[in-house]
Amino acid sequence: MIQTTNWKYAQLVSLVVILFCTLSCRQAVPAKVSQKFKAVDQAGIVSAHPEATEIGLEILKAGGNAIDASIAVQFALAVCYPNAGNIGGGGFLLYRDQAGNNYSLDYREKAPAKSYETMYLDSSGNIIDGLSTQGVMAVGVPGTVDGMYAAFERFSALKDWKALVMPAVELARRGFPLTEQQAKNINSRKKTFQTVNPDYTSPFTVNRTYKKGDLFVQTDLANTMEQIAKHGRAGFYKGQVAQQLLAQMQHDKGIISQEDLDNYKSVWRDPIQFKYKNLDIYSMGPPSSGGILLAQMFQAIEPFPIKSWGFHDSRTMHLMIEAEKRAYADRATHMGDADFYPVPVAQLMDANYVRQRMSDFNMERATAPKTVTAGNVHETEETTHYCVVDKDGNAVSVTTTLNGSYGSKLLVKGAGFLLNNEMDDFSSKVGAPNMYGLVGAEANKIEPNKRMLSSMSPTIVERDGELYIVVGTPGGSTIITSVFQTILNIVEFDQRADEAVAACRFHHQWKPTAVYHEDKCLSAETMTKLNEMGHELKKRSPIGRVEAIVLKNGKLELGADPRGDDHANGY
Ligand code: DON
């Protein structure tokens with residue numbers, strides 16, 4: 001009898017525990033998380049695709065450093081993750097060497113010399129639908145191959161360029177098995193590929209419905225990348241590949257010229273650096289807005305006790321949303337390519353300025369976005385991210401993109417690679433939203449040879465002078481808020497790398513006015529309280545695909561986002 005009572009009592013207790021856990025724990029950490037968790041001792045890579053991660057790992061095992069592995073991963077992604085991996089696009093690379101020096105490399109695309117401010121407007125000054133997003137006029141001068149070569153020349157340990165590119169050539173030639181997501185993705189865009197590339201039969205345009213496991217063979221791309229393997233930078237910007245690209249321009253009446261290809265130069269820039277509590281955070285400066293916005297948002301929330309408020313507590317979220325709102329308002333007005341426009345970087349990141357921006361922050365009420373405008377500063381949404389840490393502690397954080405999924409959808413006939421649609425990141429018209437709903441003005445207007453403003457934010461965090469976190473994500477305008485939240489998940493809410501990248505995300509960018517959040521992840525209580533404060537909440541599709549490596553207790557925690565086919569490995 002006693003036993004039965006105890007048993008019933010135990011059943012009741014476990015039911016309550018299970019119920020409690022399903023209600024409270026489920027929210028933060030999706031079930032798939034544990035499958036993606038790995039902790040390794042010496043070196044690790046996290047990227048959007050298993051083939052790319054494994055190729056990079058082989059380079060590390062062969063004595064390459066983090067830069068060597070990053071170059072190999074970039075080229076591999078151009079093959080096995082063609083919606084964002086690329087040789088026809090651009091990106092940003094952040095590098096912290098084992099001695100603690102930080103560098104950033106800007107290999108962002110540039111506007112062609114023949115571009116001009118109103119090139120996407122009709123005679124009445126209205127935006128011509130689709131011109132900056134699809135087809136030949138959307139394309140910026142690609143920077144990826146120049147960027148990879150610049151990284152190789154400065155920091156390679158292997159000193160063997162061919163060895164870094166050939167694994168991708170071989171992968172393109174033998175083909176790789178499509179994942180389910182990829183097969184669906186390519187099938188769903190078949191018609192667009194065929195419309196944009198009417199006279200080119202390629203694996204993207206061929207009349208075939210792909211399924212999981214089908215080999216995706218890209219012979220033209222293999223030949224193109226072999227030119228790059230043999231001739232380095234010149235294998236892309238000159239010779240056969242350049243001629244194919246220019247022939248495509250001529251055929252489709254595009255404006256990129258040989259002069260544009262000759263003039264393209266990636267640039268080493270000083271990373272943005274700022275402090276949050278005992279952390280030193282490094283991220284990308286202009287032409288990215290990411291580093292500056294992160295600096296603003298972290299400084300804006302620093303005085304508040306979010307750790308004790310808790311993860312996804314309505315007070316924590318309200319504060320973060322308000323910080324995001326003000327930062328994105330500044331982005332729209334003050335940011336563009338600093339080589340062309342005097343972006344007031346130091347002032348935007350100044351602690352007093354950020355404090356003054358938050359002075360109308362009300363703990364109880366959302367500030368109406370209409371009443372938030374850019375601060376008064378005086379002069380005096382497919383991309384991909386990967387992280388690499390090598391055995392010596394060199395770390396690389398790279399975000400690279402064609403902009404939209406498969407960029408402009410325009411393939412270079414015979415050369416097998418996709419061209420970006422990065423021109424849409426310029427502000428085509430003051431106040432008119434681009435494909436991520438971002439607005440801009442004078443600072444980000446189109447000018448020949450200028451780089452378009454970006455949100456890509458490859459980031460590295462140090463704690464007490466030691467490497468701590470390597471992180472980044474795709475997601476267009478949501479990139480910056482996703483990086484912001486992931487770092488806070490780790491440093492304030494004690495989440496493991498895999499939990500931090502998997503956790504539910506939300507996003508606010510001033511305009512549009514709503515706060516977007518992923519499905520089934522905020523508690524009813526948090527949502528009600530946020531609504532009561534005046535926030536307009538809207539559910540949306542998954543936000544970003546964050547990759548992170550966290551150095552903790554002598555191990556490297558590898559976090560690959562469970563939203564995709566992302567893959568972490570190391571040794
Ligand atoms: O540079 C930028 O901010 C955009 N071109 C990034 C695009 C992107 O992340 C798309 N991914 N989902």
Side-chain angles (χ1 to χ4, degrees), residues 47-48 77 81-86 88-94 104-111 132-134 138-144 147 181 185 189 283-294 327-328 331-332 335-337 381-386 397-409 418-428 433-440 443-444 446 450-459 471-484 505 507 509 516 518 540-547 561 563-566:
S47 88
L77 285 168
Y81 195 69
N83 47 329
N86 67 84
F92 300 127
L93 178 151
L94 191 71
S104 69
L105 177 64
D106 165 4
Y107 57 101
R108 179 78 163 159
E109 300 91 325
K110 293 176 94 165
S132 68
T133 53
Q134 192 169 301
V139 185
V141 183
T144 295
Q181 270 199 10
N185 210 288
R189 288 173 169 88
S283 191
M284 198 67 209
S288 176
S289 57
I292 299 174
L293 263 66
L294 285 171
Y328 276 81
R331 182 192 195 278
M335 291 177 220
D337 181 351
E381 247 181 75
E382 285 283 328
T383 295
T384 189
H385 185 86
Y386 57 93
S397 188
V398 173
T399 315
T400 179
T401 190
L402 290 165
N403 192 21
S405 202
Y406 307 96
S408 62
K409 319 285 189 295
L418 283 152
L419 289 164
N420 66 82
N421 60 348
E422 218 72 60
M423 291 297 282
D424 188 63
D425 275 349
F426 278 117
S427 172
S428 297
N434 74 355
M435 67 192 244
Y436 301 106
L438 291 165
V439 291
N444 190 32
I446 304 169
K450 185 176 176 181
R451 288 173 160 94
M452 50 299 278
L453 184 60
S454 174
S455 302
M456 293 189 291
S457 313
T459 298
V471 62
T473 183
S477 57
T478 67
I479 289 174
I480 311 169
T481 48
S482 294
V483 170
F484 179 47
R505 291 190 273 269
H507 174 70
Q509 62 180 49
Y516 293 87
E518 293 181 309
R540 58 153 280 179
S541 52
I543 298 178
R545 281 170 65 171
V546 180
E547 320 290 15
D561 199 317
R563 290 164 183 78
D565 304 314
D566 309 43

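Computed from a predicted model, the values in this text were never measured in an experiment. As the structure lists them, so they are numbered: ligands from 1, and atoms in each ligand from 1.
With a heavy-atom cut-off of 4.0 Å, Arg108 touches ligand 1 through its side chain alone. Contacts with ligand 1 closer than 4.0 Å are made by no heavy atom of Met452, backbone or side chain.
A side-chain N or O of Asn185 and one of Tyr406 form a donor-acceptor pair less than 3.5 Å apart. Side-chain atoms of Ser455 and Arg331 form a donor-acceptor pair, as typed in the model, at a separation below 3.5 Å. With 3.5 Å as the limit, one finds a donor-acceptor pair spanning the side chains of Asn86 and Thr144. If you check the side chains of Thr473 and His385, you find no donor sitting under 3.5 Å from an acceptor.
Considering backbone and side-chain atoms alike, Pro474 places every N or O at 3.5 Å or more from each N or O of ligand 1. At least one N or O atom of Glu422 sits closer than 3.5 Å to an N or O atom of ligand 1.
Close approach to Ser455 involves these atoms of ligand 1, each under 4.0 Å from a residue heavy atom: 1 (O), 2 (C), 3 (O). Those atoms of ligand 1 that come under 4.0 Å of a heavy atom in Ile479, given as number and element, are 9 (O). Interface atoms of ligand 1 facing Thr383, defined by a heavy-atom separation under 4.0 Å, are 6 (C), 7 (C), 8 (C), 9 (O), 10 (C), 11 (N), 12 (N).
Remark: Ser454 engages no residue in a side chain to side chain donor-acceptor pair (under 3.5 Å) (not counting sequence neighbours). Not counting sequence neighbours, Ser457 has no partner by the side chain to side chain donor-acceptor pair (under 3.5 Å) test.
Taking all heavy atoms of Asp425, Leu453, Leu402 into account, the minimum distance to atom 5 (N) of ligand 1 is reached by Asp425.
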